Number of protein chains: 2
Amino acid sequence: MSTNPTMKEIAKELGTSVSTVSRALQNHPRIGLRMKERVKELALKLNYVPNSTAIHLKKKRNYNIGIVLPYLTEQFFSLAITGIEDILFEKGYRALVVQSRNDYEREKQSITSLIQHGVDGIIVSVASETYNYSHFNELNSHGIPIVFFDRVVKILPNSCVYGDIAIGAFEAVEYLISQGMTKIALLNGPSTLIASDERLTGYIKALKKHDAQININYIKSVDLSKEDTIRKTHELLNLEEPPQAVLAFHDYVALDSMQICRERGFAINKDIFFVSFSNLSFCSYLEQPPIASVEQFPYEMGEKAAKILIKAIEHPADYIRQEIIIKSKLVIR
Amino acid sequence: MSTNPTMKEIAKELGTSVSTVSRALQNHPRIGLRMKERVKELALKLNYVPNSTAIHLKKKRNYNIGIVLPYLTEQFFSLAITGIEDILFEKGYRALVVQSRNDYEREKQSITSLIQHGVDGIIVSVASETYNYSHFNELNSHGIPIVFFDRVVKILPNSCVYGDIAIGAFEAVEYLISQGMTKIALLNGPSTLIASDERLTGYIKALKKHDAQININYIKSVDLSKEDTIRKTHELLNLEEPPQAVLAFHDYVALDSMQICRERGFAINKDIFFVSFSNLSFCSYLEQPPIASVEQFPYEMGEKAAKILIKAIEHPADYIRQEIIIKSKLVIR
DNA sequence: GTTGGCTGTGCAAACGGTTGCGCAAATTCA
DNA sequence: TGAATTTGCGCAACCGTTTGCACAGCCAAC
C-alpha cells in the first residue's frame, strides 16, 4: 500500500538535505547532536528502512551469499546450510540457495544468475555431473569469491573445505577387517567426484595394509540414483562370492542397497554388514542400521566455509587460498 | 580481478550513448538492426552482465523471494522449497531462504532483514512459537505480498496454501477404527499451530462418528522437541490402559515415539500402531514403519504457493486473497 | 585584525541502469 | 515537391543512497 519512506522525505519534512539525513543516520561526527536526534526520531516514526538496493549500488556490496548445492533434501546438505546460515546470519548476510540437482547445466545457469544478481560471494558443493569448470572461472574473472565445500574442485585457486574422506574410508575398512571380514565391497559414487576417488584410495590402502585381496568385482560406481544403486547391489549379490560387507558412498546408497539385500534374503548385520558415510540422524530409527558410519560434520563444514568466504569478502587483500580438512569420525553402533 | 563491463563502456567503445545501448539490449523497436547487432556483439564479447541491482533500483523489482520456514532439515520443508524453487527458477526469480527454527524472534528478525533487502514477496510457514503477527502486518504495510503455506495464519488478508489436515486426521482415525482399534491416542503439536487444532478436530470427529470414547488422557500436545515427545510417550504408556494406536503430529514425532515404545517392549504394528502425517521417504526404509501416513504433498504446496505469490507480484491489481487447500491422502502400508 | 582551525550543513556527482521526450534524417504519401 | 510520418538515436532526469568538497559561521591565537 504505502510506499516506503526515503531519506528525501525525511529531509523535506525536516527542512534539511538528504546528505545531512544520511550522515545523521550514520552517526557522522560532523553532524550536530540536535540534528541527529531530530533525524533519528523522525526516521523511527516514519518506520524508515534504508533501501539496501541503493546502498548496494553505491557500495558494491550486497550482503547476499549464493549457495549452490545438489539437493536440499539430503540431510547432509541441509545441515551444511544450517551451519552456513548461522554464520551468515550472525554477520548480517543472507543466503540465496539454489539446488543444482547434480545437473551441470542447472548449476551453470544458477551461477550465472547469481553473478547477475551481484552476490558478494558463493559457496558451492559441485554437482556430480559437472565435468567442466568454466562457470567457476567466470566467477573468478568477475572477482566474486568462491568457497567449495564437500564436493570441492581442488585445481581452482579457490579455498575449499572438505572431509578427510580417504582416512574415513580407511578407518571404516580397517574396522570391518578387525571384525573378521575380508570380502568387502565398495559401492562408490560417480568417478567425477573427488570424494569417490578418496573413498577408493582409503579402501585400497586399508585392504593392502592388512593383506586382504583386492577384488575388482567388489568395486562398483553408482550414479547416486536409486535405480543404479539397486542394479549394482544385485550385481554384487550375484557374484559367486557375495561380499560380507559393503562400504557405501553415503547413507542413501546404503539404505537402498540394504533394502535390496533384505529383499533377497540377506540379513543385515548378519549375512552382510554396511558401513557408510555421513551418519544421518534417521539411521538411528532403523532396527538394523549400518554397523558403523563415517560422520562428516556437515554443520561444521558449512560454518567453516562461510567463515572463510566472509573473510575473503571483507578482507580481500589478505586472501590466501585455504584447504580446510574437517576430520571425520567413525561412529560404531 | 577485472571489474564488470557496464553499458557506459559499451557505449563509449561503440561511440554511441548509454540509452541506445540499453534499448538495443532490450530489443527496442526504435533501434536500428545494425546498431542492435553491434551492441549485442560487443556485449557478448565483453561478457557483459546487466547489473541487477541497478535495474532493481529503477524498476523497484528484485526478482528475489524470501522464504521463511522453521527447519530446512525437515524433509517436509525441503520438499516444499524444492517445489517453490522450481516455479521461481522457471519464472526467473531467486530464493532467499531463512530458517526460523520455530523461534519467534528469529522469524521476526528474518522478516525485517528481508524487508530491508527489498524482496518482491515472501513465502512463510510460521514458527510454532509465533504468537504475534505484527511482523506480517509490517510486510503488508510495506506492500510486500505474502503467501503462507502449511503453517498458515488465516486471520491475515494474505493468501494461504495448506493441507486439509482435519480430513486427513479424520480419515486416519477412521482407518484405525476400521482395523478394530478404539483406544487411539493423539500426539499432537503445540496449540499455537492451527495444524494442531485441525488434527484434533478430525480426531474427535472420527471418534464421535464411530461412537468411540474420547479419553482426555489420550490427547497430548508436544512442543516438537524430541525430549517432549519422549516424555509424552512415557505418559501414554504409563496409563492403566495404554493406547492401541497413536496418531502422531508428523513422522518425526512418530519415529521418536515409536523408539520409546520399542524400548519399553511394545512391538510396533503389533502391540501398538502408529499413523502419522507427511509420509517421509525414509519411512520406507524402516522395518516397522507407521501403518499409515497422511501424505501432504509438500512439493505441490510449494509450487502452488510460489505461483500465487508470483501472480500477486506481477499483477497486483487482480490480487484476491486465496485459500488453497491441498487434498491430503492416506497412504496405507 | 588577519590567520587558521573547528563545527555544522548543503551541493552535486556518482553507482548502473531505464525511459520520456526531442530532434534530425530518411522514407512515404499526396 | 512539399508535408507528414517513420526511423534511429541522444539528452537528461530519475531510482535512493553515499561521500568529497565547498562554504558559512564561530572561536581561539598570534
Side-chain angles (χ1 to χ4, degrees), chain A residues 2-40 42-43 46-64 92 115-120 142-144, chain B residues 2-40 42-43 46-64 92 115-120 142-144:
Chain A
S2 70
T3 172
N4 292 352
T6 67
M7 290 193 170
K8 202 192 286 186
E9 298 170 42
I10 296 185
K12 201 193 300 175
E13 180 104 4
L14 254 39
T16 179
S17 73
V18 176
S19 44
T20 300
V21 173
S22 171
R23 281 190 260 250
L25 256 14
Q26 296 177 74
N27 257 319
H28 188 110
R30 298 287 288 274
I31 298 296
L33 210 64
R34 177 155 212 81
M35 181 58 100
K36 275 186 193 167
E37 279 186 359
R38 289 176 60 212
V39 169
K40 287 182 185 172
L42 185 58
L46 293 182
N47 196 13
Y48 168 75
V49 178
N51 179 321
S52 66
T53 307
I55 296 176
H56 173 42
L57 183 59
K58 198 72 211 174
K59 298 248 197 120
K60 313 269 205 136
R61 284 283 297 287
N62 217 357
Y63 286 93
N64 280 178
I115 292 179
Q116 165 147 3
H117 172 79
V119 288
D120 291 346
H142 279 277
I144 300 174
Chain B
S2 69
T3 172
N4 293 352
T6 67
M7 289 195 171
K8 201 191 286 185
E9 298 170 42
I10 296 184
K12 201 194 300 176
E13 180 105 4
L14 254 37
T16 179
S17 74
V18 176
S19 45
T20 301
V21 172
S22 172
R23 280 191 258 253
L25 256 14
Q26 296 178 74
N27 257 319
H28 193 285
R30 298 289 287 276
I31 298 297
L33 211 64
R34 176 157 213 81
M35 181 58 98
K36 275 186 193 165
E37 281 187 357
R38 288 175 59 209
V39 169
K40 286 182 185 171
L42 185 58
L46 293 183
N47 197 14
Y48 169 75
V49 178
N51 180 321
S52 66
T53 307
I55 296 176
H56 173 41
L57 183 59
K58 193 72 206 175
K59 299 249 196 116
K60 312 270 205 135
R61 284 282 297 288
N62 216 356
Y63 286 93
N64 280 177
I115 292 178
Q116 165 147 3
H117 172 80
V119 289
D120 291 345
H142 279 277
I144 300 174

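Computation of the quantities below employed the complete heavy-atom set of this structure, encompassing side-chain atoms and omitting hydrogens, waters and symmetry-equivalent molecules. Bear in mind the structure is a predicted one, so any value in this text is a computation, not a measurement. So you know, we letter chains A, B, ... as the sequences are listed, proteins then strands, and number each from 1.
Distance from the side chain of Thr16(B) is smallest to dG10(D) among dA13(C), dC15(D), dG10(D). In the set dG17(C), dT18(D), dC15(D), dT18(D) carries the atom at the smallest distance from any side-chain atom of Ser22(A). The Thr20(A) side chain lies nearest to dG10(C) when the options are dC15(C), dG16(D), dG10(C). Taking only side-chain atoms of Lys58(B), from C-beta outward, the nucleotide of dG17(C), dG22(C), dC15(C) with the closest atom is dG17(C). Closest contact between the side chain of Met35(B) and the listed nucleotides dC15(C), dT9(C), dC9(D) involves dC9(D). Listed nucleotides dT17(D), dT19(C), dG17(C) differ in distance to Lys59(B); the shortest reach to its side chain belongs to dT19(C). If you check dC15(C), dT17(D), dG17(C) against the side chain of Tyr48(B), the one that comes closest is dG17(C). With dT18(D), dC9(D), dT18(C) as the candidates, the nucleotide lying closest to the side chain of Gln26(B) is dT18(C).
Below the 3.5 angstrom threshold, one finds a donor paired with an acceptor across the side chain of Arg23(A) and the base of dG10(C). Not a single donor-acceptor pair, N or O on each side, falls under 3.5 Å between the base of dG8(C) and the side chain of Arg38(A).
Using a 4.0 Å heavy-atom distance criterion, Thr53(A) is classed as making no nucleic acid contact. Using a 4.0 Å heavy-atom cutoff across all strands shown, Ser19(B) reaches at least one base atom of the nucleic acid. Within the nucleic acid shown, Ser52(B) has no heavy atom closer than 4.0 Å to any nucleic acid atom. Residue-level contact check: Ile55(B) touches the backbone only, with heavy atoms under 4.0 Å from sugar-phosphate atoms and none from bases.
The distance from atom CG of Leu25(B) to atom P of dC9(D) is 14 Å, rounded to the nearest whole Å. With rounding to whole Å, His117(A) atom NE2 is found 16 Å from dG16(C) atom P. The distance from atom NZ of Lys12(A) to atom C1' of dG16(D) is 14 Å, rounded to the nearest whole Å. The CZ atom of Arg34(B) sits 18 Å away from the P atom of dT7(D) (whole-angstrom rounding). In this structure, Glu9(A) places its CD atom 11 Å from P of dC15(D), rounding to the nearest Å. Atom-to-atom, CD1 of Ile31(B) to P of dT6(D) comes out at 18 Å; the value is rounded to the nearest Å. For Lys8(A) and dA12(C), the NZ to P distance is 15 Å, given to the nearest whole Å. Whole-Å rounding puts the Arg61(A) CZ to dT18(D) C1' distance at 15 Å.
Looking at every heavy atom in both residues, Val18(B) comes nearest to Ala11(B) through N-CB, 3.7 Å.
Using a 4.5 Å heavy-atom cutoff, the side chains of Asn27(B) and Lys40(B) are in contact. Within the 4.5 Å cutoff, no side-chain heavy atoms of Asn4(A) are placed close to those of Asn51(A). Between Thr53(B) and Leu57(B), the closest side-chain pair of non-hydrogen atoms is not below 4.5 Å.
A residue-by-residue look at Ala54(B) and Ser17(A) shows that Ser17(A) has its nearest nucleotide of DNA chain C further toward the 5' end. Between Met7(A) and Leu33(B), the residue whose closest nucleotide on DNA chain D is further toward the 5' end is Leu33(B).
OP1 or OP2 of dG16(C) sits under 4.0 Å from a side-chain N or O of Lys60(A).
Of the listed residues (Lys60(A), His56(A), Arg61(A)), just one forms a side-chain hydrogen bond (donor to acceptor under 3.5 Å, both in side chains) with Asp120(A), and that residue is Arg61(A).
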**Prompt:** Checking side chain to side chain donor-acceptor pair (under 3.5 Å) for the pair His117(B)/Asn62(B): CA distance, chi angles, key distance, verdict?
**Reply:** CA-CA 9 Å; His117(B) 172 80; Asn62(B) 216 356; 3.3 Å; yes

